[in-house]
2 protein chains.
Amino acid sequence: MDPKLKAYFESTLKEVSIDCVIFGFHEGELKVLLLKWKGTEGWSLPGGKIYLEESVNDAAVRILQERTGLKEIFLQQFYTFGGNDRYKNMDKAALFRKLEWAFGADFYDEKYMKRHVSLGYMALVEFEQVVATPDWYTDECMWCEISAIPELLFDHNEMVEVALKALRRQLSYQPIGYNLLPEKFTMPELQRLYETILGKQLDRRNFQKLMLSYDILEKLPEKRTGGAFKAPFLYRFDKEKYDRAMREEILFAI
Amino acid sequence: MDPKLKAYFESTLKEVSIDCVIFGFHEGELKVLLLKWKGTEGWSLPGGKIYLEESVNDAAVRILQERTGLKEIFLQQFYTFGGNDRYKNMDKAALFRKLEWAFGADFYDEKYMKRHVSLGYMALVEFEQVVATPDWYTDECMWCEISAIPELLFDHNEMVEVALKALRRQLSYQPIGYNLLPEKFTMPELQRLYETILGKQLDRRNFQKLMLSYDILEKLPEKRTGGAFKAPFLYRFDKEKYDRAMREEILFAI
DNA sequence: GCAAAAGTGTTAGACATACACCCATGC
DNA sequence: GCATGGGTGTATGTCTAACACTTTTGC
């Protein structure tokens, strides 16, 4: 095995790791960042290990930064996966044969390849700002529409589902959008975001009234020009009020 | 060190453990089960380790059963604690001196006393049915009112707070009470439960109307006799409808 | 009879929902 | 001009929230 990889294994927790469901919003679609494992056709969520003296939240921030280049974004734990059958839908032997081919004959070492508990973190990122970067295990990145996710390695399909459910639930008591949209955005864009996450259509006029009633948006004098049809106004989140709404968990009746 | 304890250490995950915030409701008070560590005056939450081939959820069920005698109750993950400073408010050296006194000179073995990631589970139990039982480390159990919890070991005070917050949040999209109340209960008792968890007073008449509107309660012909004043009716949860409401996460506007 | 707890009903107002009309832009 | 998307306003009905009266029970 590569000595650097070995050193990484030695300096990190062995039984615990982190997997991130990184949500981005682009062209009216909610997408998730996936990585393709070297030497295989298998895709997985971005993940990583925790250094011995690192808090798990710090590790999640670090991993997210390594994969997207972004710091200070919305990132939170949503569930911890600790089934003893997390490989159940896979041909584990075949996978590890391929991985040994890519990483060296002693990659599959019992010392490192123990049963893992995985902390699921979800991140909401501004799609345009992400510079997706593969990690040690992987050689390709892909933004995949939430509705067209292929079969993933391990229990990562379940992770995406649980993350999405947590995200939807969160929508009912916290605002969303600050980390998923560019600084300035239009009301229809915000609505599209909500519709995509919730998976249902919303009334244009009622949505606007509701959003404005929460008093977290600032209407700008500018409009989004260039597009076809009537130019919509631009809005911006009032960060202070937005953060307060996040903290106080105001009920968002949507 | 005791060979049985050593064997337990060898057969469990070393970096991960489980801590349980076990809520019970008694005499109009929400209470939490605490354990006192042998040889110390320190209190902590009930917890335990995960066997190598056991899923974390199974481990949580097992630990809960060991401490309360109860099975098939409400139990769920609420957060995973992975700070690298989880001992920060304690005199760690003094604690371990006391523990070595109680467990043997080699209790504090670097091999076992690593940095731990702790999975927080919360349980809602029927107070009357619990037979509280200390574990390996502890020699005393106590039900402690939520408002009068002493300073606990490790980061367990924070755990209780986070659990309580999660419980309150959950109240807004799921019914509660099935596992906290006896089979038959009165509307004022149910209301007291909600008031205790939410930490605020509710209107008697509106509460009743709201609860009945969710169609998960069955009004019984009997009344709670024996008490002073007018005898209140007894109710029972319709388990099927209750479970459906849990699954569908109907919004409980309380 | 009185105080305290419980049962039941009413009413005003807020809010969600549904819907209508006008404006801007490209073809 | 027309199709399409966007801005704004209004009416209706439902549900929440505040509140009143009656009944039961022990002292």
Side-chain angles (χ1 to χ4, degrees), chain A residues 27-29 168 171-173 175 177 181-182 184-196 198-236 245 249-254, chain B residues 27-29 171-173 175 177 181-182 184-196 198-236 245 248-254:
Chain A
E27 293 175 345
E29 292 285 349
R168 283 182 180 150
L171 226 56
S172 67
Y173 57 84
L181 294 171
K184 298 173 182 181
F185 51 88
T186 67
M187 196 58 82
E189 283 164 2
L190 182 62
Q191 183 179 342
R192 219 75 65 217
L193 172 62
Y194 269 84
E195 287 179 336
T196 306
L198 291 172
K200 66 177 180 188
Q201 300 292 103
L202 302 169
D203 183 278
R204 192 166 61 87
R205 298 148 284 192
N206 295 334
F207 179 81
Q208 173 145 348
K209 256 180 297 180
L210 200 62
M211 276 299 143
L212 293 177
S213 77
Y214 296 137
D215 190 32
I216 54 174
L217 288 175
E218 187 185 349
K219 187 173 185 172
L220 301 174
E222 323 149 53
K223 296 185 176 188
R224 159 122 332 142
T225 55
F229 317 122
K230 186 171 182 176
F233 280 101
L234 287 170
Y235 290 84
R236 178 165 56 192
E249 305 201 348
I250 291 173
L251 201 69
F252 272 59
I254 249 186
Chain B
E27 291 175 347
E29 293 284 349
L171 227 55
S172 67
Y173 57 84
L181 295 171
K184 299 173 181 182
F185 51 88
T186 68
M187 196 58 82
E189 283 163 1
L190 182 61
Q191 183 179 343
R192 218 75 66 218
L193 172 62
Y194 269 84
E195 286 178 337
T196 307
L198 291 172
K200 66 177 181 188
Q201 300 293 103
L202 301 170
D203 184 278
R204 192 167 58 86
R205 299 148 285 192
N206 294 334
F207 179 81
Q208 174 146 347
K209 257 178 296 178
L210 199 61
M211 275 301 143
L212 292 178
S213 76
Y214 296 137
D215 190 32
I216 54 174
L217 289 174
E218 186 185 350
K219 187 173 185 172
L220 302 174
E222 323 149 55
K223 297 185 177 190
R224 160 123 331 146
T225 56
F229 317 122
K230 185 172 183 176
F233 280 100
L234 287 170
Y235 290 84
R236 178 165 57 192
E248 294 176 2
E249 305 202 346
I250 290 175
L251 201 70
F252 272 59
I254 248 184

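This one's a predicted model, so the numbers in the text were calculated from it and none came from an experiment. Below, each value reflects all heavy atoms present in this structure, side chains not excepted, and no hydrogens, waters or symmetry copies. Letters A, B, ... are given to chains in the order of the sequence lines, protein chains preceding strands, and every chain is numbered from 1.
When side chains are defined from C-beta on, B/Tyr194 counts as touching B/Met211, because their heavy atoms get closer than 4.5 Å. Looking at B/Phe233 and B/Met187, their side chains never come closer than 4.5 Å, going by heavy atoms from C-beta outward.
Atom-to-atom, CG of A/Asp203 to P of C/dA20 comes out at 12 Å; the value is rounded to the nearest Å. Distance, B/Phe252 CZ to D/dT16 P: 12 Å, rounded to whole Å. Put simply, CG on A/Leu212 is 11 Å from C1' on D/dT8, counting in whole angstrom units. The distance from atom CZ of B/Phe207 to atom P of D/dA17 is 13 Å, rounded to the nearest whole Å. Rounded to whole Å, atom P of D/dC15 lies 16 Å from atom CE of B/Met211. With rounding to whole Å, A/Leu190 atom CG is found 15 Å from D/dG6 atom C1'. Taking atom CD of residue B/Gln201 and atom C1' of nucleotide D/dA17, one finds them 16 Å apart after rounding to whole Å. A straight line from CZ of A/Arg204 to C1' of D/dG7 spans 7 Å, rounded to a whole angstrom.
Residue A/Phe233 has its side chain nearest to D/dG7 when only D/dG7, C/dA6, D/dT16 are considered. Checking D/dT25, D/dG7, D/dC19 against the side-chain heavy atoms of B/Phe229 singles out D/dT25 as nearest. The nucleotide whose nearest atom lies closest to any side-chain atom of A/Lys230 is, among C/dA24, D/dT8, D/dA18, C/dA24.
Nearest heavy atoms, A/Leu193 versus A/Gly177: CD2-CA, 3.7 Å. Contact detail for A/Pro175 and A/Phe252: the closest heavy-atom pair is CB-CZ, 3.5 Å. Between B/Leu202 and B/Phe207, the shortest heavy-atom distance links the atoms CD1-CD1, 3.8 Å.
Each of A/Ala228 and B/Pro188 lies near DNA chain C, and the nucleotide nearest B/Pro188 is the one positioned closer to the 5' end. Position along DNA chain D of the nearest nucleotide to B/Arg205 versus A/Asn206 favours A/Asn206 as the more 5'-ward residue.
Residue A/Lys219 is classed as a sugar-phosphate contact, given heavy-atom separations below 4.0 Å to backbone atoms only.
Proximity of B/Lys209 to the phosphate of D/dT14: no side-chain N or O atom is located under 4.0 Å from OP1 or OP2.
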